[in-house]
Engineer: 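Got a structure here, written out as structure tokens. Questions coming.
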2 protein chains.
Amino acid sequence: MSSDYNNLKSLGLKVTAPRMRILALFQKAAATEKRHLTADEVFSLLKDEGEDVGLATVYRVLTQFEVAGLLRRHHFDTESASYELGEPEHHDHLVCVECGKIEEFVDVDIERRQKEIADRFGYSLDHHTLCLYGICKECREKAKDKG
Amino acid sequence: MSSDYNNLKSLGLKVTAPRMRILALFQKAAATEKRHLTADEVFSLLKDEGEDVGLATVYRVLTQFEVAGLLRRHHFDTESASYELGEPEHHDHLVCVECGKIEEFVDVDIERRQKEIADRFGYSLDHHTLCLYGICKECREKAKDKG
DNA sequence: TTCTTTGCAAAGCTTTTGCATCTCG
DNA sequence: CGAGATGCAAAAGCTTTGCAAAGAA
């Protein structure tokens, strides 16, 4: 992943070990089901990897990456914010309230309707957050087995 | 508003001064543009009214009211949660990122699409949060005046 | 060298909890 | 009277900030 190097450079950020490691973490995560990481999860994962990065640094780097457009921040229903690698395309989320699994989707109909609604109210639409909460098939089956 | 009394009673909550006052606050707010109040706003409003209610009590009452279905909790983009009087009908929000004004809406197309999306992913849909962020007409005009 | 970044510790915010006191029913 | 509610203060999360030391360019 030598592109990380240029990635950071082009953002005007100095290439440092903590930044490279955090970016790599999100790139790894992006390939899995767990794309979304909280500051504390990043902190713990880094600690597991051996070398320590301070929690304050994690917060600072996440904020910088978000400002730079490299990461996207979400709040969902929980207390702490989580981040995911910011892809060019926008998407919304579908969260399992049992196991925390997160699916992503885009729906052009919904996007279009949102624009229309904003127009109707006289708002210029900047962005939006749409999050569906439900129970995934696996968790429903698990519940069935038990009860 | 003597219905407050019965309102609380029917929820199995003792009728106390802090509860009555907080409920009244939300009922007043519901009639205005500022339907949504944070715990701290409730706390301040009560303080303005004279008699003091502890902040801890505000938090406890808000939580109880939410559990009882009397209030609805939102997170929007900010750090602190806000509450609004829970109406029977669900609705989504449109927030002005400049002045904080909040509009409410329901769109049957969007609601239906959400259900379809959840189905497609095999999720049973529990609830959702949709919030549009933009700039309202007034704020855009204010910005234009300034240059 | 110079400006940025880091780590640590301390502080800030929002929210929760423990406990003695008070109050509704 | 007795269970539940309140207020205060202390504590618990999450996040930010100050500052001296370390590091990138």
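In what follows, chains are A, B, ... by sequence order, proteins preceding strands, each numbered from 1.
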Engineer: Round to the nearest Å and state the distance from A/Leu23 atom CG to C/dT5 atom C1'.
Structural biologist: 17 Å
Engineer: Please tell me which of A/Lys9 and B/Lys14 maps to the more 5' nucleotide of DNA chain D, matching each residue to the nucleotide holding its nearest heavy atom.
Structural biologist: B/Lys14
Engineer: Just call it for A/Asp52: base, sugar-phosphate, or nothing, with non-hydrogen atoms closer than 4.0 Å on any strand.
Structural biologist: sugar-phosphate
Engineer: Between P on D/dC14 and CG on A/Leu37, what's the gap in Å once rounded to a whole number?
Structural biologist: 15 Å
Engineer: Any side-chain N or O of B/Tyr59 less than 4.0 Å from the OP1 or OP2 oxygen of C/dT15?
Structural biologist: yes
Engineer: Under the 3.5 angstrom rule, does the side chain of B/Arg73 hit a backbone N or O of B/Ala81 as a donor-acceptor pair?
Structural biologist: no
Engineer: Roughly, in whole Å, what's the span from CG in B/Leu46 to C1' in D/dT6?
Structural biologist: 13 Å
Engineer: Could you check how far CD of A/Glu79 sits from P of C/dT14, rounded to whole Å?
Structural biologist: 13 Å
Engineer: Check this for me, if you would: do B/Glu116 and B/Arg112 make a salt bridge, where the nitrogen-to-carboxylate-oxygen distance has to be below 4.0 angstrom?
Structural biologist: yes
Engineer: Under 4.0 Å, counting only non-hydrogen atoms across every strand here, what does A/Ala81 touch: a base, just sugar-phosphate, or nothing?
Structural biologist: sugar-phosphate
Engineer: Side chain of B/Thr57 only, heavy atoms from C-beta on: which candidate in D/dT6, D/dT16, D/dT15 is closest?
Structural biologist: D/dT6
Engineer: Please determine if a side-chain N or O atom of A/Thr16 lies less than 4.0 Å away from the OP1 or OP2 oxygen of C/dT6.
Structural biologist: yes
Engineer: Please state how far atom CG in A/Leu55 lies from atom C1' in C/dA9, giving the value in whole angstrom units.
Structural biologist: 12 Å
Engineer: Check the side chains of A/His127 and B/Asp77 for a donor-acceptor pair under 3.5 angstrom, ignoring hydrogens and angles.
Structural biologist: yes
Engineer: Taking CE from B/Met20 and C1' from C/dT23, how many angstroms apart are they, rounded to a whole number?
Structural biologist: 15 Å
Engineer: Given atom CD of A/Glu41 and atom C1' of D/dC14, what is their separation to the nearest angstrom?
Structural biologist: 13 Å
Engineer: For the helix from C/dT1-D/dA25 to C/dG25-D/dC1, measure the angle between the helix axis at one end and the axis at the other, each built from five pairs, rounding to 10°.
Structural biologist: 30°
Engineer: If each of B/Tyr83 and B/Ala17 is mapped to the nucleotide of DNA chain C with the nearest heavy atom, which maps nearer the 5' terminus, i.e. the 5' end?
Structural biologist: B/Tyr83
Engineer: Does C/dT6 have its OP1 or OP2 closer than 4.0 Å to a side-chain nitrogen or oxygen of A/Arg60?
Structural biologist: no
Engineer: Could you state the interatomic distance from OH (A/Tyr123) to CD (B/Glu103), rounded to the nearest 0.5 Å?
Structural biologist: 4.0 Å
Engineer: Any salt bridge linking B/Glu104 with B/Arg72? Criterion: basic side-chain nitrogen under 4.0 Å from a carboxylate oxygen.
Structural biologist: no
Engineer: Whole-Å distance between D/dG4 P and B/Gln64 CD?
Structural biologist: 12 Å
Engineer: Before accepting this row, confirm whether a basic side-chain N of the pair B/Lys34/B/Glu41 lies closer than 4.0 Å to the acidic partner's carboxylate O.
Structural biologist: yes
Engineer: Determine, step by step, whether A/Phe26 and A/Val42 satisfy the side-chain contact (heavy atoms from CB on, under 4.5 Å) criterion, reporting the C-alpha distance in whole Å, the side-chain angles of both residues, the deciding distance to 0.1 Å, and the verdict.
Structural biologist: CA-CA 9 Å; A/Phe26 276 97; A/Val42 169; 3.9 Å; yes
